[in-house]
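Okay, so here's the structure we're looking at.
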Amino acid sequence: MINKNEIRTYLMAVLLFVCALSYGQEVFEGDPDKAFETARELAFNKQRKQAQDTLLLILTKYPDYHDIRSFLGSTYSWDGAYKKAKIEFEYVLKNSPERLDTWEAAIKNELWSKSPFSALEMSQKALKHFPDNPDILYLKASAEAASNNHEEALLTVASILKNHPDHEKSITYKSSLIDELSNNAIGVRSSVDLYSENFDPMQYYTVKYVRQTKYGSIHSKVNLSHRFASTGAQFEVDMYPRITKGLYAYANLGISNSFLYPDFRYGAELYKSLPKGFEASLGFRALKYSTTTTIYTGSAGWYTGNSYWSFRTYITPGDSGASQSGELNYRKYRSNADNYFSIAAGIGFSPDIYRFDFEGNENSIINLQSQKLNLGYYFTTNNNKNSWGVQAGVSHQEISFDPGSYFWIYSLALSWDMKFR
């Protein structure tokens with residue numbers, strides 16, 4: 001027994017055969033509406049070339065069947081044949097400028113072809129026929145943003161929401177534009193380490209200001225900590241300059257007059273994007289106490305879908321040999337880079353972590369054994385203006401003054417960042 005799908009496939013094959021015969025004579029014979037319906041089915045079933053041949057054949061007899069010509073333009077646009085699509089759209093709009101869906105398809109075609117100025121000009125023409133149309137205005141805002149005029153795009157989106165407050169695409173886009181235009185941020189981080197023995201709780205605080213520039217971001221920070229019955233401060237600057245496409249750097253400089261931090265710290269690292277979502281880096285950190293401790297570090301990362309894997313190692317040369325530590329980190333992103341879950345596991349001790357009084361004990365401390373596990377959750381408010389984070393971890397740490405003995409360290413950290421223009 002033949003089912004309905006087999007009958008439909010058979011009829012489509014017969015129709016295409018008839019169309020092919022007619023195409024050889026360069027004149028379409030048949031019902032244009034039925035042929036158009038068949039072409040649409042083909043196009044939406046990944047048989048775009050056959051669909052386009054059928055549409056072109058129909059147009060040999062019905063050149064002003066604008067639904068067909070507009071749909072043909074859309075199929076070209078989907079295939080990346082933007083110039084061919086533009087020819088079809090221009091023909092339709094010249095003869096029938098009241099077609100809203102064709103204006104939208106034509107403007108999108110210009111945006112997809114990375115011709116934002118042409119898309120902007122076309123959207124302005126469309127608005128003469130459809131004043132205050134929210135969908136055309138939305139495409140106009142997209143063209144303005146693609147032309148690096150984000151301020152104008154934000155004004156256009158604001159005008160949409162003034163008269164159409166429930167236009168969902170504009171609501172989402174407004175938040176995205178504000179986020180892109182927010183080149184400044186302030187943040188606060190607070191954490192505490194609780195020890196199973198020997199030490200009182202150690203408290204850490206950071207206040208920061210971040211500025212995004214066309215050359216990269218600059219982070220200025222004040223670090224405070226209360227440990228060993230003393231309170232100390234450290235002033236730091238981190239920079240992430242962009243060197244060229246796929247290559248950027250990290251540079252760090254910090255000073256302190258407290259024994260809780262190194263007197264002077266500095267470091268640098270180069271990051272390189274690699275094919276297939278991979279990334280690698282190589283750099284160093286230097287900490288000056290009574291002597292200078294140099295730490296060599298490198299990392300390998302991999303972006304796959306909404307996930308990110310990275311492994312970082314630290315190698316610290318010393319009198320008794322090099323100390324090594326490593327950490328494996330996994331992040332699962334959600335809506336953007338500020339919304340994710342993280343888990344990290346590591347072994348070995350890095351002197352870049354200021355948990356001990358290093359003065360005069362650098363060589364013994366950097367060889368301590370340690371294992372750790374951290375979990376983190378980071379999220380933003382609806383407008384992405386405020387970012388929040390919570391992190392909890394546990395470490396199994398060798399005691400510096402009693403080698404071979406260990407204690408547990410339980411850590412909790414909270415953070416908040418706010419972007420502004």
Side-chain angles (χ1 to χ4, degrees), residues 12 15-16 18-144 146-147 156 159-160 163-164 167 169-170:
M12 287 175 62
L15 180 58
L16 286 173
V18 173
C19 289
L21 292 176
S22 301
Y23 189 74
Q25 302 170 3
E26 298 184 353
V27 177
F28 173 78
E29 297 293 340
D31 186 330
D33 296 328
K34 290 183 178 179
F36 182 28
E37 182 180 350
T38 299
R40 288 178 61 87
E41 289 187 21
L42 289 169
F44 292 127
N45 283 282
K46 300 180 181 180
Q47 295 175 283
R48 207 104 76 205
K49 183 62 171 62
Q50 297 94 316
Q52 290 163 354
D53 288 343
T54 302
L55 294 169
L56 286 168
L57 182 58
I58 301 171
L59 290 172
T60 60
K61 186 172 184 179
Y62 302 94
D64 292 326
Y65 196 148
H66 295 319
D67 284 346
I68 289 177
R69 192 175 292 277
S70 183
F71 184 71
L72 175 62
S74 293
T75 64
Y76 285 148
S77 190
W78 299 338
D79 288 345
Y82 303 118
K83 290 183 179 179
K84 294 173 69 174
K86 186 173 184 176
I87 292 172
E88 304 301 335
F89 291 138
E90 285 182 341
Y91 181 95
V92 173
L93 293 173
K94 180 180 179 180
N95 293 281
S96 186
E98 75 284 354
R99 294 179 59 87
L100 175 61
D101 58 342
T102 304
W103 280 110
E104 291 183 34
I107 297 168
K108 289 177 182 177
N109 182 67
E110 297 305 296
L111 288 170
W112 294 342
S113 68
K114 301 188 185 303
S115 304
F117 294 104
S118 178
L120 181 57
E121 180 182 5
M122 194 170 288
S123 64
Q124 290 168 338
K125 290 180 180 178
L127 287 170
K128 293 179 181 178
H129 300 280
F130 304 96
D132 193 40
N133 180 276
D135 295 321
I136 296 296
L137 284 169
Y138 174 81
L139 292 173
K140 177 176 179 283
S142 300
E144 289 166 336
S147 308
T156 300
S159 71
I160 298 173
N163 298 317
H164 307 276
H167 194 253
K169 289 191 293 185
S170 294

If we only count heavy atoms from C-beta on, is the [X] to [Y] side-chain gap below 4.5 Å?
X    : Y    : result
T38  : T54  : no
L137 : P134 : no
E121 : K125 : yes

Practice task
May I ask you to decide whether K94 forms a salt bridge with E90, counting only side-chain N to carboxylate O separations under 4.0 Å?
Solution key: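 So K94 does not pair with E90 through a salt bridge.
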Practice task
Evaluate the side chain to side chain contact (heavy atoms under 4.5 Å, CB included) criterion for residues E29 and K61: first the C-alpha distance (whole Å), next the side-chain angles of each, then the deciding distance (0.1 Å), finally the verdict.
Solution key: CA-CA 8 Å; E29 297 293 340; K61 186 172 184 179; 3.8 Å; yes
Just how far is it from atom [atom1] of [X] to atom [atom2] of [Y], taken to the nearest 0.5 Å?
X    : Y    : atom1 : atom2 : answer
S170 : N163 : OG    : CG    : 11.0 Å
S123 : E144 : OG    : CD    : 7.0 Å
K49  : D79  : NZ    : CG    : 10.5 Å
K140 : S159 : NZ    : OG    : 7.0 Å

Handout entry: Atom CD of E37 with >12 non-hydrogen neighbours under 6.0 angstrom
Key =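 Not buried by this count: 12 neighbours or fewer within 6.0 Å.
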Does [X] use its side chain to pair, donor to acceptor, with the backbone of [Y] at less than 3.5 Å?
X    : Y    : value
S70  : D67  : no
H129 : R99  : no
W103 : L93  : no
S113 : E110 : yes

Exercise for the section: Could you check Y91 against D64 for side-chain hydrogen bond (donor to acceptor under 3.5 Å, both in side chains), going step by step and ending with a plain yes or no? Expected result: CA-CA 9 Å; Y91 181 95; D64 292 326; 2.7 Å; yes
Exercise for the section: Kindly say whether the aromatic ring centers of F44 and F71 come within a distance under 6.0 Å. Expected result: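 Ring centres of F71 and F44 closer than 6.0 Å.
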Minimum-distance pair of heavy atoms, taken over all atoms of [X] and [Y]:
X    : Y    : value
F130 : E98  : CZ-O, 3.1 Å
Y65  : L59  : O-CD2, 4.1 Å
G73  : A85  : O-CB, 3.2 Å
A39  : A51  : O-CB, 3.2 Å
A126 : I107 : CB-CD1, 4.4 Å
D31  : D33  : OD1-N, 2.9 Å

Problem - Option among K86, K83, E88 that satisfies the side-chain contact (heavy atoms from CB on, under 4.5 Å) test with N109 - result: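 When K86, K83, E88 are each tested with N109, the side-chain contact (heavy atoms from CB on, under 4.5 Å) holds only for K86.
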Exercise for the section: Can you spot which of R48, Q52, Q50 makes a side-chain contact (heavy atoms from CB on, under 4.5 Å) with L42? Expected result: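 Answer after filtering R48, Q52, Q50: Q50.
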Exercise for the section: Mind running ring-ring contact (aromatic ring centres under 6.0 Å, His included) on W112 and Y76 for me, showing each step along the way? Expected result: CA-CA 12 Å; W112 294 342; Y76 285 148; over 10 Å; no
Handout entry: Check against side chain to side chain contact (heavy atoms under 4.5 Å, CB included), L139 and D135
Key = CA-CA 6 Å; L139 292 173; D135 295 321; 5.9 Å; no
Problem - Row check, F36 ring normal vs R40 NZ/CZ: under 6.0 Å, within 45° - result: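 Yes, a cation-pi geometry.
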Exercise for the section: Assess whether side chain to side chain contact (heavy atoms under 4.5 Å, CB included) is satisfied between L72 and K84, documenting all intermediate values. Expected result: CA-CA 9 Å; L72 175 62; K84 294 173 69 174; over 6 Å; no
Practice task
Decide yes or no on side chain to side chain contact (heavy atoms under 4.5 Å, CB included) for I68 and Y62, but give the supporting numbers first.
Solution key: CA-CA 9 Å; I68 289 177; Y62 302 94; 5.8 Å; no
